[in-house]
Amino acid sequence: MSDKKRIFSGVQPSGIITLGNYLGAIKNWTQLQDEYDCIYCIVDLHTLTVRQDPKELRQRSLSLAAIFLACGLDPAKNIIFLQSHVSAHAELTWILNCYTYFGELSRMTQFKDKSQKHPDNVNVGLFDYPVLMAADILLYQTDLVPVGLDQKQHLEITRDIAIRFNNIYGNVFKVPEVYIPKVGAKIMSLQDPTSKMSKSDENENNYISLLDPPDVIMRKFRRAVTDSETVIRYDEENKPGISNLMNIYSSLTGKSFEEIESEFAGKNYGEFKAAVGETTVEALKPIQEKYYFLMQNKDYLQEILKQGAENASRIANRTLAKVYHKVGLLPRL
Ligand code: TYM
């Protein structure tokens with residue numbers, strides 16, 4: 001790799017990617033790929049923290065690789081790989097576990113949310129999720145991590161762990177910066193605009209999947225929850241539904257909220273929803289076409305993941321060897 005700064009980010013193959021994942025993360029990745037050396041990971045180990053159907057998980061992992069490419073990530077410029085193919089992720093997690101405190105992990109809001117959602121399966125992996133995420137990032141001496149707003153707290157703990165480790169052993173890890181987009185960082189559920197749009201949501205009407213056909217996209221937007229006013233105006237607190245639609249529209253078109261307000265002055269919610277729907281359909285059309293084309297060539301996808309894992313391993317193993325040495329593990333001869 002060159003002397004460009006390095007990016008690392010990841011997505012869980014826990015469902016088909018949503019418009020939230022795209023606008024909060026992947027769309028920005030494609031814009032950063034020339035300026036940075038980028039490593040993008042399908043974090044399948046993280047996904048195991050919630051029960052999965054094994055066959056479906058395998059399919060979703062491959063499908064996510066196709067989506068990455070379909071969204072515009074160039075495999076010649078970016079390393080794209082599966083987390084479980086690079087064993088250093090699990091190995092560094094163990095070491096970092098010994099430098100992370102029970103108290104700080106207990107404060108993670110995502111852990112609290114997911115424990116509430118799956119009270120019958122509050123497993124240790126779920127609790128340890130942020131440490132695996134820290135290992136992902138720190139293995140690659142990452143400069144920048146482009147994510148949506150919901151991952152901010154996980155980035156903070158990653159930085160804390162890196163700084164703590166460096167304070168004991170010298171400069172082992174680069175302390176990464178977080179990159180959160182100004183618009184689109186938190187796309188909300190269409191039926192409940194006070195909670196985040198999520199690919200693992202049970203109610204399909206809550207999210208737009210990147211693979212939803214045009215009529216489904218139009219229908220879901222038509223049904224999106226709004227408010228009893230008739231004015232299209234940005235006000236997250238009192239008009240979360242309309243504000244969410246404005247966020248989506250702004251993120252896709254590049255128009256500011258003021259521009260959107262004047263574009264739709266005097267128009268009704270139905271007209272605005274139709275415009276957001278049409279814009280989304282148009283934005284997703286080329287992605288969907290490319291996705292279905294790529295999914296016909298699974299060997300090609302597997303080859304990209306194989307190459308990606310080899311390239312990622314080379315970088316990750318250098319950091320892991322350094323860490324093992326620093327903490328006092330005897331090298332294997
Ligand atoms: P995941 O799979 O939940 O989401 C992938 C990316 O999409 C962003 N995102 C959103 N952005 C805007 N609005 C939304 N409604 C929305 N939902 C999700 C997320 O912030 C994320 O950037 N823990 C991570 C995966 C991960 C990771 C990493 C990320 C594992 N290791 C290392 C960065 C670096 C996650 O669950 O993402």
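This one's a predicted model, so the numbers in the text were calculated from it and none came from an experiment. Counting starts at 1 for both ligands and their atoms, following the listed order.
- No option in Thr142, Asn166, Asp143 other than Asp143 meets the side-chain hydrogen bond (donor to acceptor under 3.5 Å, both in side chains) test with Lys174.
- Comparing heavy-atom distances from atom 30 (C) of ligand 1 across Gln110, Met197, His46 singles out His46 as nearest.
- Side-chain contact check for Tyr169 and Tyr99: at least one donor-acceptor pair (N or O, by modelled atom type) lies under 3.5 Å.
- A salt bridge is absent between Glu35 and Lys5; no separation between the charged side-chain nitrogens and carboxylate oxygens falls under 4.0 Å.
- Side-chain polar atoms of Tyr234 and Glu236 form a donor-acceptor pair below 3.5 angstrom.
- Regarding atom 7 (O) of ligand 1, its nearest protein heavy-atom neighbour is Asn21 ND2, 3.1 Å.
- Regarding atom 36 (O) of ligand 1, its nearest protein heavy-atom neighbour is Tyr129 OH, 2.7 Å.
- Distances below 4.0 Å separate heavy atoms of Lys196 from the following atoms of ligand 1: 15 (N).
- Residue contact check: Ala185 has heavy atoms under 4.0 Å from atoms 11 (N), 12 (C), 13 (N) of ligand 1.
- The parts of Gln12 lying near ligand 1 are both backbone and side chain, judged by heavy-atom distances below 4.0 Å.
- In this structure, Arg6 does not pair ionically with Asp37, as no charged nitrogen and carboxylate oxygen lie closer than 4.0 Å.
- Under a 4.0 Å criterion applied to the non-hydrogen atoms of Ile137, ligand 1 contributes the atoms 32 (C), 34 (C).
- Contact annotation: for Ser9 versus ligand 1, heavy atoms closer than 4.0 Å belong to both the backbone and the side chain.
- Nearest non-hydrogen protein atom to atom 31 (N) of ligand 1 is Asp136 OD2, 2.6 Å.
- Numbered from 1 in the order shown, with element, the atoms of ligand 1 that lie under 4.0 Å from a heavy atom of Ala25 read 6 (C), 7 (O), 22 (O).
- Close contacts of ligand 1 with Val145, meaning ligand atoms under 4.0 Å from a residue heavy atom, involve 33 (C), 34 (C).
- In this structure, Lys220 forms a cation-pi arrangement with Tyr207, its terminal cationic atom sitting closer than 6.0 Å to the ring centre and no more than 45° off the ring axis.
- Polar contact with ligand 1: present for Gly148 (N/O pair, distance under 3.5 Å).
- The nearest protein atom to atom 11 (N) of ligand 1, hydrogens excluded, is given as Gly20 O, 3.1 Å; this is a heavy-atom distance.
- For atom 1 (P) of ligand 1, the nearest protein heavy atom (residue, atom name, distance) is Lys199 NZ, 3.5 Å.
- The residue Ile26 has no part lying near ligand 1, judged by heavy-atom distances below 4.0 Å.
- The proximity of Ser198 to ligand 1, defined as any non-hydrogen pair under 4.0 Å, does not occur for either the backbone or the side chain.
- Taking a cutoff of 4.0 Å between a charged side-chain nitrogen and a carboxylate oxygen, Asp34 and Lys77 qualify as a salt bridge.
- Closest heavy-atom approach to atom 20 (O) of ligand 1 within the set Thr49, Leu155, Val147, Asp150: this belongs to Asp150.
- By the 30° and 60° cut-offs, the orientation of the rings of Phe102 relative to Phe127 is tilted.
- At a heavy-atom cutoff of 4.0 Å, ligand 1 is contacted by no atom of Thr18, backbone or side chain.
- With hydrogens left out, the protein atom closest to atom 15 (N) of ligand 1 is Ile187 O, 2.7 Å, a heavy atom.
- Scanning the protein for heavy atoms near atom 25 (C) of ligand 1, the closest one is Gly10 O, 3.6 Å.
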> Taking it one step at a time, do Asp201 and Asn203 satisfy side-chain hydrogen bond (donor to acceptor under 3.5 Å, both in side chains)?
Replying inline: CA-CA 6 Å; Asp201 203 311; Asn203 181 355; 5.8 Å; no
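- Among all protein heavy atoms, the one lying closest to atom 28 (C) of ligand 1 is Met133 CG, 3.4 Å.
- A donor-acceptor distance shorter than 3.5 angstrom exists from the side chain of Ser250 to the backbone of Lys255, with no hydrogens or angles considered.
- Atoms of ligand 1 found under 4.0 Å from any heavy atom of Gly184, numbered from 1 in the order shown, are 12 (C).
- Between Asp235 and Arg233 a salt bridge is recorded (basic side-chain N to carboxylate O distance below 4.0 Å).
- Relative to the six-membered ring of Phe293, Lys290 misses at least one condition, a distance below 6.0 Å or an angle of at most 45° to the axis.
- Residues Asn205 and Gln191 bring no donor and acceptor atom of their side chains to less than 3.5 Å of each other.
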